[in-house]
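Only this structure's heavy atoms are used, side chains among them; waters, hydrogens and symmetry mates stay out. Residue numbers begin at 1 in each chain, while the letters A, B, ... track the order of the sequences.
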There are 2 protein chains.
Amino acid sequence: MKDSFWQEHLCYLGFRLTVPRKIVINILKETEKHLSAEDIYVKALKINPSIGLTSIYRTLLLFTKINVVQKHDFGEKKARYELINNPLKKEHHHHLICTRCKTVIDYADFMKEEVELMTKTENKLSKKYHFKIIYHTVHFYGLCVKCQKLA
Amino acid sequence: MKDSFWQEHLCYLGFRLTVPRKIVINILKETEKHLSAEDIYVKALKINPSIGLTSIYRTLLLFTKINVVQKHDFGEKKARYELINNPLKKEHHHHLICTRCKTVIDYADFMKEEVELMTKTENKLSKKYHFKIIYHTVHFYGLCVKCQKLA
DNA sequence: TTTCATATTGATAATGATTTTCATTATCAA
DNA sequence: TTGATAATGAAAATCATTATCAATATGAAA
């Protein structure tokens with residue numbers, strides 16, 4: 001029954017292993033990009049034309065809640081999704097976002113210093129503002145090589 | 001004709017000094033909060049009931065383009081706006097965002113180290129990825145004091 | 001296996017923020 | 001004061017996402 005780590009995880013938490021859920025995981029597993037719900041839907045239709053967009057959204061919502069995918073907001077009106085622990089990707093990374101073509105580059109360079117400082121800052125801020133920090137985001141916005149030439 | 005620094009700026013760039021634009025600037029000048037378009041619209045109606053929501057959006061778009069306001073995306077479905085160089089606010093700051101009540105706390109503590117590292121990282125990333133970085137965002141998401149108790 | 005309670009689905013309608021359209025009005029230089 | 005046109009407000013259109021709800025698929029129990 002178990003098809004992969006993620007599906008086992010689903011099962012473990014008491015969720016059913018359904019067709020749309022398997023398809024969404026497989027699509028995310030095989031890309032390095034940050035796909036929107038629509039992107040995923042289009043790919044899913046090619047695998048199983050009877051799948052509904054609603055299910056894609058519901059699946060992504062569920063996966064986000066159980067920490068199987070991460071939902072990103074890169075300043076577009078639509079959200080983008082990324083599988084957590086995707087073997088194609090670096091463990092932990094931050095993002096460079098091209099404001100023109102919306103391409104997202106993952107980077108994990110210099111993360112040690114960055115994350116160290118973030119942790120330090122988090123601790124200080126938590127105390128000062130009595131704020132319980134759950135996660136942080138670091139986004140660099142700008143222009144990718146291509147768009148620098150075009151703009 | 002000129003009413004303030006911002007209005008002069010508008011004028012200088014060749015834009016007209018209209019009623020909705022003055023109102024939006026004045027509303028933003030007098031708050032420390034990050035207001036949504038709707039928030040601003042409600043306040044604007046009290047000053048001039050004939051103002052349209054469309055104009056609020058148009059004004060905010062213009063102001064964002066000419067760097068008079070900064071548009072923020074804190075993970076809600078609606079955007080929030082903040083006047084750049086607001087005398088009520090710290091020059092440069094990052095944000096703590098409560099994921100439950102959506103309150104945003106500005107902080108400028110420890111910014112020196114943070115900004116230094118960001119700049120260093122930006123330089124390295126620019127070179128490595130040939131990416132022209134325009135700006136960055138650092139958001140800490142979590143629960144504010146109140147919501148920690150309620151959640 | 002077959003049955004069954006119910007978790008999950010897909011089609012459709014609804015939502016809510018933001019944009020577009022377009023005819024009317026306000027602004028400012030001449 | 002006038003006139004070109006920038007800017008407005010009302011209403012309709014978009015677009016991503018959610019809610020509704022009847023139909024279906026899933027997995028445990030018989």
Student: Indicate if F74(B) and I133(A) have the same hydrophobic cluster label, given that clusters are the connected sets of ILVMFWY residues with side-chain heavy-atom separations under 4.5 angstrom.
Tutor: no

Student: Given that F15(B) and E38(B) both sit by DNA chain C, which one's nearest nucleotide is further toward the 5' end?
Tutor: E38(B)

Student: Rounded to the nearest angstrom, tell me the gap between atom NZ in K71(B) and atom P in dT19(C).
Tutor: 5 Å

Student: Closest to the T59(B) side chain: dT9(C), dT8(D), dA4(D)?
Tutor: dT8(D)

Student: Mind calculating the distance between CG (L53(B)) and P (dG9(D)) to the nearest angstrom?
Tutor: 10 Å

Student: When you measure from the side chain of R16(A), which nucleotide among dA7(C), dA11(D), dA11(C) comes out closest?
Tutor: dA7(C)

Student: When the ring centroid of H94(B) is compared with that of H136(B), is the distance short of 6.0 Å?
Tutor: yes

Student: What is the distance from OH of Y57(A) to P of dT9(C), rounded to the nearest Å?
Tutor: 16 Å

Student: Take the protein atom CG of L60(A) and the nucleotide atom P of dA16(D), then report the distance between them rounded to whole Å.
Tutor: 15 Å

Student: Classify the nucleic acid contact of S36(B) as base, sugar-phosphate or nothing, counting any heavy atom under 4.0 Å across all strands shown.
Tutor: nothing

Student: If you check the P20(B) side chain, which of dT9(C), dC15(D), dG9(D) turns out closest?
Tutor: dG9(D)

Student: Return the value, rounded to whole Å, for the distance between atom OH of Y41(A) and atom C1' of dA16(D).
Tutor: 14 Å

Student: Rounded to whole angstrom units, what separation is found between the NZ atom of K22(B) and the C1' atom of dT27(C)?
Tutor: 10 Å

Student: With under 30° as parallel and over 60° as perpendicular, where do the rings of Y107(B) and F140(B) fit, or are they tilted in between?
Tutor: tilted

Student: Whole-Å distance between dA7(C) C1' and L17(A) CG?
Tutor: 13 Å

Student: Can you tell me the base-pairing partner of dT8(D)? Count Watson-Crick or G-U wobble geometry only, both distances below 3.5 Å, and say none if there is no partner.
Tutor: dA23(C)

Student: Report yes if at least one side-chain N or O of T18(A) is closer than 4.0 Å to OP1 or OP2 of dT9(C); otherwise report no.
Tutor: yes

Student: Take atom CZ of R21(B) and atom P of dC28(C), then tell me their distance rounded to the nearest Å.
Tutor: 10 Å

Student: Considering only dT20(C), dT26(D), dT17(D), which nucleotide approaches the side chain of V19(A) most closely?
Tutor: dT26(D)

Student: To the side chain of K78(A), which of dA7(D), dA16(D), dG10(C) is closest?
Tutor: dA16(D)

Student: Has K89(B) got more than 12 heavy atoms of other residues, nucleotides or ligands less than 6.0 Å from its NZ?
Tutor: yes

Student: So which nucleotide does dA30(C) pair with, by the Watson-Crick or G-U wobble rule with both distances under 3.5 Å?
Tutor: dT1(D)

Student: Hey, is E113(B) close enough to K120(A) for a salt bridge, meaning N to O under 4.0 Å?
Tutor: yes

Student: Categorize L61(B) for me: base, sugar-phosphate, or nothing, with a 4.0 angstrom heavy-atom threshold over every strand shown.
Tutor: nothing

